[in-house]
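It should be emphasised that the depicted structure is a prediction, and the values quoted were computed from it without experimental measurement. Counting begins at 1 with the first residue of the sequence. All ligand and atom numbering here is 1-based and tracks the order in the structure.
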Amino acid sequence: MKTVELTSKIIVYEDRSEVPVELMTLIAQAEEAARRAYAPYSRFQVGAAVLMNNGKVVTGCNQENAVFPAGLCAERTAAFAASAQYPEVPFSKIAITAINPVEVLKQPVSPCGSCRQVLFEYESKFNQPIEVILAGQEGPVYHFRCVSDLLPYTFHAGFLP
Ligand code: THU
């Protein structure tokens with residue numbers, strides 16, 4: 001028997017003035033996307049902006065549905081749109097943020113497990129880490145080096161026959 005300890009390095013920017021301009025620009029694009037969310041049921045607006053290796057930015061926002069499970073998160077909306085438009089271009093970074101209409105979100109929003117799994121697919125497809133930047137409306141910004149830091153022991157294509 002042995003114990004395995006997992007560690008991951010996260011850059012935490014407590015003050016937004018410390019965040020590199022390139023990351024703040026991507027967060028601003030995610031925020032713009034969040035404003036376009038279709039979220040009549042939860043009213044929680046999420047936006048994501050994917051920076052591709054070719055410099056293009058593809059955004060997405062959550063799309064809800066009266067049949068609740070038929071809706072889709074912002075991250076997957078953005079990732080699928082990016083892959084559909086530029087199937088051969090790796091993702092460099094993704095910024096994710098959200099707007100809570102009831103109470104200002106003071107902590108970084110966290111992508112759900114399904115979105116982490118989907119982002120991991122593109123990370124492994126291109127064998128290139130996708131940096132993940134998480135922000136709330138205010139407060140700290142988290143910068144992860146790669147998706148696998150957010151989803152260790154991931155299910156991947158190597159398991160399939
Ligand atoms: N949502 C996202 O779009 N991304 C996340 O990271 C968390 C949750 C959406 C799904 C649903 O439309 C709403 O937020 C409430 O869960």
- [ ] Report all protein residues having a heavy-atom distance below 4.0 Å to some atom of ligand 1; order the list by chain, then number.
- [x] S42, F44, V46, N62, E64, C73, A74, E75, S110, P111, C112

Task: Those residues that, when tested against Y13, pass ring-ring contact (aromatic ring centres under 6.0 Å, His included) (two or more places apart) - done: none

Task: Centroid-centroid under 6.0 Å between Y122 and F126 rings - done: no

TODO: Would you mind reporting whether Y38 and N62 have side-chain heavy atoms less than 4.5 Å apart?
DONE: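 No, too far: nothing below the 4.5 Å cut-off.
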
Open item on the list: Quick check: do Q117 and L151 have side-chain heavy atoms less than 4.5 Å from each other?
Closed with: yes

Task: Passing candidate, side-chain contact (heavy atoms from CB on, under 4.5 Å) with I96, options P111, S110, P108 - done: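 Among P111, S110, P108, the one meeting side-chain contact (heavy atoms from CB on, under 4.5 Å) with I96 is P111.
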
- [ ] Have a look at I130 and tell me which of V147, L150, L51, V50 forms a side-chain contact (heavy atoms from CB on, under 4.5 Å) with it.
- [x] V147

